[in-house]
Amino acid sequence: MRSDTIVADLNPRQAEAVLHTEGPLLVLAGAGSGKTRVITRRIAYLIDHCGVPPWNILAVTFTNKAAGEMKRRVADLLGQNGSEPGLRDSGSVWVGTFHSTCVRILRKHGAALGIKSSFVIYDDGDQLSLMRDCLRAQGLSERSLNPRAILSRISRAKNELLTAEEYTLQANDRMEERTAKLYLMYQERLDSLQALDFDDLLMATVRLFEQHPEALAAYQDLWRYILVDEYQDTNHAQYRLVHLLTGNHGNLCVVGDDDQSIYRWRGADLNNILDFERDHSGCIVIRLEQNYRSTQQILQGAGGVVAHNYGRKGKTLWTENEVGDPIVLYRALDENDEALFAARTIQGRAADGGTGYDDYAIFYRTNAQSRVLEEALRQALIPYVIVGGLRFYERKEIKDLLAYLRWVVNPADSVSFKRLVNAPTRGIGPATIAKLELLAMQGKTTIWEACQRAVREKLLNTKQQAAMEGLLRLIEEVRSKTALSPISDLIGELITGSGYAEELEHERTPEAESRLENLKELVTAAQEFAERNGDGGLAAFLDSVALVSDLDEYAEGRGVVTLMTLHTAKGLEFDTVFMVGLEEGIFPHALAMPDERELEEERRLCYVGMTRARRRLYLASARQRRLYGNRSFNLPSRFLDEIPPDVLQVRDPWESRSVAPPPSTPSRPQHHDGEPFVDRLFPGARIRHPDFGVGVIRERSGSGDDLKVVVRFKAAGEKKLMVKYAQLEQA
DNA sequence: TTGCCAGTAAACTAT
DNA sequence: TTACTGGCAA
């Protein structure tokens, strides 16, 4: 294919991004500007026109789904002109997420760091139980120290590439010192379990490359052209990794949109994209500002919102698409009315013909909001699918079974052992487990060897002895077959051999039945995995399971309405989009409101949601809603005020009727003086406390004498206070 | 050791 | 509202 034909249907900016192959390149790609098209075309161009062997190209995406999509499209492009196979085999372009790429590297070269190739990946459930162990071991109660908070601090440290030792050195308040102690212990245990958490995958790979130049050189040599998608959502560790890999050749193309950065809370550093030009001399910047997705009014609406942010590069999207319909805002009575509005609108439009259910998506800020929507859709007999929420691989029964598999692969994995040992119940409780762990610790052996020794030397009580013997026999049996039998057979053997199926069948409840169904589904998943990846082996299956995201399980074209969080919606598009819960405290979320940077992130999230819509965009807010048990009255989201009024059509069927909140529990702080003080105590409000000083309200619950608020104080941290006793005053 | 109950805490996004 | 812990009895 000649270079003028490969870019013939691209606009000049897009073509430039495809053809500029050497050196650093930053593509600022606005929403709907044909980003994936550019990336795939660029890969095809490198292979086809520049004669770059496909294996010399690394493309990093944000999700496995995006990776799959990209591979498919590159294959299509290369397949179009039949020439000799082999060289243009797109299958050998490595397209993956940061995490899957790191797993691949570590499985191969981790030994240099003392990481066995059989290491397991711990997800956040595993992390949590490990952290709980650490807390207990240090004599701390979960009441005094939230293990999730500790883990999130550790995660932040790891994203900054701070080891436990380094973190300890720079800890300078009480909380950080405590975190440091726990980080040290947590990491020590992870190491001894031969387990890596998500952040370790990145951190260990960086360490590998920094300490073993020969390993780095091998990959620099392999990947001569590197592409990173969604660059605005990379964290420091990822930045460092990319930097190392491109160190010798500088052929780095990053694609991103600062306005779509929505993962700050996960360590993403917007500066990676904002400072890209500064960090890479001779860098070319290309802006893709023509939008091919949305109508003019939708684009104007979204642009109006995001224009209220300060920290941005500044882009103005334009489109040649039709003007389209105005954005519709529905002011609902409550969350049920809001859900009903969406259901009725979808029903009406779908009945008119022209559009199928596939064309509709409903986005919400938090998963908890999905329930009411589900009910409304179910009652309206509208088929739907929820993407996200409780994931398949996070269900209890699935995690239990995976624990068996993980123990088969990695005999040192005591977190998995503790999970499976009493699932189903075998009469082996905390006391016995403690005994076995002690045994392992004293003998400096794996938990597997400790169990074996306990059985051999008859160290357990008769009942436990018998149960343990059976368990070990099962694991050994399955372990001996791993190389020969299909994974699905191994899973089948574990489901029956462990007595798991029997216990569930015995229960005779609908829940138990659905759990059995899920386990069967796991067998199917293993079969599909084998078909896709050949004999990747058990470890590869477990990797893929650990790294799947919500979105990966989402497939288009099922004739159903899609429900998902705004975060999950990134990268997708729909003909018609509903965004619900546009209220202060919900979206923007109450926890984000006091911090200007977090507020800007919420605004970007709003922008991302709006720009998913091709032709129709419906927004909804409710005057009151029940949330977490109690009713709240929220003001319409500030983002609604930021949409240019001339592209917004407001529908408010309840306007004339008396639906104002009762005077005792009104909405957010309104700044007129006659208002009772308690009526100002809503998230975002600043108050003064006699002991703690000035703070910002994060949450409000209860009413009357029972009214409670959670306040974040500068010095004292977060406190939950009874308003009745706390002597709060206006700050 | 298990299973039940009651009380309570947390309730945002996720590779 | 839900999910989970911790205490307690069998």
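Here is how names work: the chains are called A, B, and so on, in the same order as the sequence lines, proteins then strands, and each is numbered from 1.
Atom CG of A:Asp197 and atom P of B:dT15 are 15 Å apart (whole Å). B:dA14 atom C1' lies 13 Å from atom CZ of A:Arg148, rounded to whole Å. A straight line from CG of A:Asp269 to C1' of B:dT15 spans 17 Å, rounded to a whole angstrom. Summarising the geometry, the separation between CZ on A:Arg266 and P on B:dA14 is reported as 9 Å, rounded to the nearest angstrom. Put simply, CD on A:Glu601 is 12 Å from C1' on B:dA14, counting in whole angstrom units. Here B:dT13 presents its P atom at 21 Å from CZ of A:Arg603, a figure rounded to the nearest Å. Between the CD atom of A:Glu600 and the C1' atom of B:dT13 there is a distance of 18 Å, given to the nearest Å. Rounded to an integer number of Å, the gap from CZ of A:Arg604 to C1' of B:dC12 is 16 Å.
The salt bridge (Lys or Arg N to Asp or Glu O under 4.0 Å) contacts involving residues 414-432 of chain A comprise A:Asp133-A:Lys418, A:Asp400-A:Arg419, A:Lys418-A:Glu437, where partners must be two or more places apart or lie in separate chains.
As judged by a 4.0 angstrom heavy-atom cut-off over every strand, A:Phe98 is placed among residues making no nucleic acid contact. In this structure, A:His99 reaches the bases: a heavy-atom distance under 4.0 Å links it to at least one base atom across the strands shown. Counting any heavy atom pair closer than 4.0 Å across all strands shown, A:Arg371 reaches sugar-phosphate atoms only and no base atom.
A distance of about 15 Å separates the P atoms of C:dC4 and B:dT13, rounded to the whole Å.
Using a cut-off of 4.0 Å between Lys/Arg side-chain N and Asp/Glu carboxylate O, A:Asp126 and A:Lys399 are scored as salt-bridged. The pair A:Arg626-A:Asp334 does not meet the salt-bridge criterion, since no charged nitrogen lies less than 4.0 angstrom from a carboxylate oxygen.
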Using nucleotides 1-3 of chain B, report all nitrogen or oxygen pairs with the protein that are shorter than 3.5 Å.
{"from": "B:dT1", "atom 1": "OP1", "to": "A:Gly429", "atom 2": "N", "distance (Å)": "3.3"}
{"from": "B:dT1", "atom 1": "OP1", "to": "A:Thr432", "atom 2": "N", "distance (Å)": "3.2"}
{"from": "B:dT1", "atom 1": "OP1", "to": "A:Thr432", "atom 2": "OG1", "distance (Å)": "2.7"}
{"from": "B:dT1", "atom 1": "OP2", "to": "A:Ala431", "atom 2": "N", "distance (Å)": "3.4"}
{"from": "B:dT2", "atom 1": "OP1", "to": "A:Asn422", "atom 2": "ND2", "distance (Å)": "3.0"}
{"from": "B:dT2", "atom 1": "OP1", "to": "A:Gly427", "atom 2": "N", "distance (Å)": "3.0"}
{"from": "B:dT2", "atom 1": "OP2", "to": "A:Asn422", "atom 2": "ND2", "distance (Å)": "3.2"}

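Checked against side chain to side chain donor-acceptor pair (under 3.5 Å), A:Glu374 has the following partners two or more places apart in sequence or in another chain: A:Tyr384. The salt bridge (charged side-chain N to carboxylate O under 4.0 Å, His left out) search around A:Arg312 returns A:Asp259, not counting sequence neighbours. Judged as a salt bridge (charged side-chain N to carboxylate O under 4.0 Å, His left out), and not counting sequence neighbours, A:Arg153 has no contacts. Partners of A:Asp233 according to the side chain to side chain donor-acceptor pair (under 3.5 Å) rule, which considers only residues two or more places apart in sequence or in another chain, are A:Lys570.
Taking side-chain N and O atoms only, A:Thr565 has no distance below 4.0 Å to OP1 or OP2 of B:dC12. OP1 or OP2 of C:dT5 sits under 4.0 Å from a side-chain N or O of A:Arg132.
The aromatic ring of A:His567 is not stacked on the base of B:dC12, since the criterion of ring centres less than 5.5 Å apart with planes inclined by under 30° is not met.
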